There are 2 protein chains.
Amino acid sequence: MASHPGARSRAAAGLPAITAGQIIDAAVSLTREHGVDGWSVRQLAGALEVWPAVVYHHLGERDAVVDAVTERVVALLPPPDADLPWRDWFTELLGAARPVLRAHRGVARRLALRGATMPSALRLIDSGVLVLARAGFGAEAPLAYSVLLNAACQLIAIEDDRDSRPQAGRRVAGVFDAQPDRPGLAAMSGAALADPDQLRTDDDLLYRYTIGCCLDGLDARLAALRA
Amino acid sequence: MASHPGARSRAAAGLPAITAGQIIDAAVSLTREHGVDGWSVRQLAGALEVWPAVVYHHLGERDAVVDAVTERVVALLPPPDADLPWRDWFTELLGAARPVLRAHRGVARRLALRGATMPSALRLIDSGVLVLARAGFGAEAPLAYSVLLNAACQLIAIEDDRDSRPQAGRRVAGVFDAQPDRPGLAAMSGAALADPDQLRTDDDLLYRYTIGCCLDGLDARLAALRA
DNA sequence: ACCTGAACACCGTTCAAGT
DNA sequence: ACCTGAACACCGTTCAAGT
């Protein structure tokens, strides 16, 4: 609301200097509330009662702030026990990741986009690729890892996006009504036309189905590699 | 550049009224050149030598213009022969879709996000779900269709995004250098650190590997359904 | 070093007024 | 109906100046 902080100056008011960490904290809060695309640098500065240039001074441009937020969120993902069988390892990781990422809308998309360049994601990549290599994927382990993580992030990103633009789901109805002679479509209408609660459980179902499908596909690949 | 069209008025200059179709044509051109997120409503209007409000008059807000562009691009995707075996049908569709979507950066993301609500995507959904239902997926056909299309769109969207922000790939180098004691990472570094040409072929590889993995996973599911 | 305050060059969108 | 021209309420980012 207020375009400038209340006090004349932080120093004049006896306030300590703002730290990069505090800015990221505030950015994570805003992200939890409104999603990564739901706040502006000006709003972030406003929340800290500081001028926008302060954000640039400590962290650089908006993109860097978002990277820092993504870092923080990815750091919340617990890497499963390295001794688990590979299927269990990924089932556990991706199961645990979904609620965490969903609570910070837009982070999953970011993670999918530049996951391989983010320090805290490297921790997961490293463990996951090792688990896969040990399971017999060999040089294909990074590919296999990408398949699973991409699938999960993509699905979460779609859910995030639907939250942010609530009108997106509804329009389908008209289309279905207009073209009742499409059996393939009819089979899909159960999911598309359902109420929000139904949508949620359909998201769950698609998430689990997709992960399961990727795991099965990789399993088949593993069998081929062993043969 | 010029913030207003050259002539005083289209009517005064003897020009015919602009149509929604012409606006969409121009938007598709801009998208081909700069990607969906690479042009503004003002630039679109400028390209047509018209004031921005004209776009709103004919099509509504920017989102609607982008939907129309997505429609157009998806309409370019040829649905494969319905008599093909399901694996071949999807291999052909997704193979043909990649260059088309890549030539219109940002459309794949849009398609993944609201594919199920877009008329021209319904044509594909309908055919694809039918092909899967006939192959034995039954009620799971829509789920299986989503798995394949989501996987493809996600990977294309990542490539699109990397084109639009060229700095994203480089930073990794430092991270690898700083942490040479991570064997999982080392296996991945070949892909991440490579030159652009290598990146392109790695994208190809990941795309084919992921689709193959999903097809294999669905095949396993199909076997389970038959048993 | 850290912050202020203002400015620059943009956005998407709306709206009264013209033809 | 179609378009003009201007305005509103924002953006991200930069920069000289202050302390």
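Every chain is numbered from 1, with letters handed out A, B, ... down the list of sequences. A quick note: this is a predicted structure, and the numbers were derived from the prediction, not measured.
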Open item on the list: Output the pairing pattern of DNA chain D as a dot-bracket string, 5' first, Watson-Crick or G-U wobble with both distances under 3.5 Å, | for cross-strand pairs, [ ] for crossing pairs.
Closed with: ||.|||||...|||||.||

TODO: Examine distances only and state if a side-chain atom of His58(B) and a backbone atom of Ile18(B) form a donor-acceptor pair shorter than 3.5 Å.
DONE: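 A pair under 3.5 Å: yes.
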
Task: Any donor-acceptor pair under 3.5 Å from Glu33(A) side chain to Leu30(A) backbone - done: no

Rounded to whole Å, please give me the gap between [atom1] in [X] and [atom2] in [N].
X	N	atom1	atom2	answer
Gln22(A)	dC3(C)	CD	C1'	14 Å
His57(A)	dT19(D)	NE2	P	17 Å
His58(B)	dA1(D)	NE2	C1'	9 Å
Ile23(A)	dA1(C)	CD1	C1'	13 Å

Open item on the list: Checking Tyr56(A) now: which residues fulfil side-chain hydrogen bond (donor to acceptor under 3.5 Å, both in side chains) with it, not counting sequence neighbours?
Closed with: none

Task: Test applied, side-chain contact (heavy atoms from CB on, under 4.5 Å); reference residue, Val73(A); option that passes from Leu111(A), Val100(A), Thr31(A) - done: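 So, applying the side-chain contact (heavy atoms from CB on, under 4.5 Å) to Val73(A) and each of Leu111(A), Val100(A), Thr31(A), only Val100(A) qualifies.
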
Distances for protein N/O vs nucleotides 11-18 of chain D N/O pairs under 3.5 angstrom?
{"residue": "dC11(D)", "atom": "OP1", "partner": "Ser40(A)", "partner atom": "OG", "Å": "3.3"}
{"residue": "dG12(D)", "atom": "OP1", "partner": "Val41(A)", "partner atom": "N", "Å": "3.3"}
{"residue": "dG12(D)", "atom": "OP2", "partner": "Val41(A)", "partner atom": "N", "Å": "3.1"}
{"residue": "dG12(D)", "atom": "N7", "partner": "Arg42(A)", "partner atom": "NH1", "Å": "2.4"}
{"residue": "dG12(D)", "atom": "O6", "partner": "Arg42(A)", "partner atom": "NH1", "Å": "3.0"}
{"residue": "dT13(D)", "atom": "OP1", "partner": "Glu61(A)", "partner atom": "OE1", "Å": "3.4"}
{"residue": "dT13(D)", "atom": "OP2", "partner": "Tyr56(A)", "partner atom": "OH", "Å": "2.8"}
{"residue": "dT13(D)", "atom": "OP2", "partner": "Arg62(A)", "partner atom": "N", "Å": "2.8"}
{"residue": "dT13(D)", "atom": "O5'", "partner": "Tyr56(A)", "partner atom": "OH", "Å": "3.2"}

Task: Any Trp51(B) side-chain nitrogen or oxygen under 4.0 Å from OP1 or OP2 of dG5(D) - done: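 Yes, because at least one side-chain N or O of Trp51(B) sits under 4.0 Å from OP1 or OP2 of dG5(D).
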
Open item on the list: We want to know whether Tyr207(A) and Glu159(A) form a side-chain donor-acceptor pair, criterion being a heavy-atom distance below 3.5 angstrom.
Closed with: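 No, because no side-chain N or O of Tyr207(A) sits under 3.5 Å from a partner of the opposite role on Glu159(A).
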
Task: salt_bridge(Arg98(A), Asp203(A)) N-O dist < 4.0 Å - done: no

Open item on the list: Closer than 4.0 angstrom, basic N to acidic O: yes or no for Asp25(B) and Arg72(B)?
Closed with: yes

Task: Criterion salt bridge (Lys or Arg N to Asp or Glu O under 4.0 Å) on Arg110(B) and Asp161(A), from CA distance to verdict - done: CA-CA 10 Å; Arg110(B) 196 79 172 193; Asp161(A) 208 84; over 6 Å; no

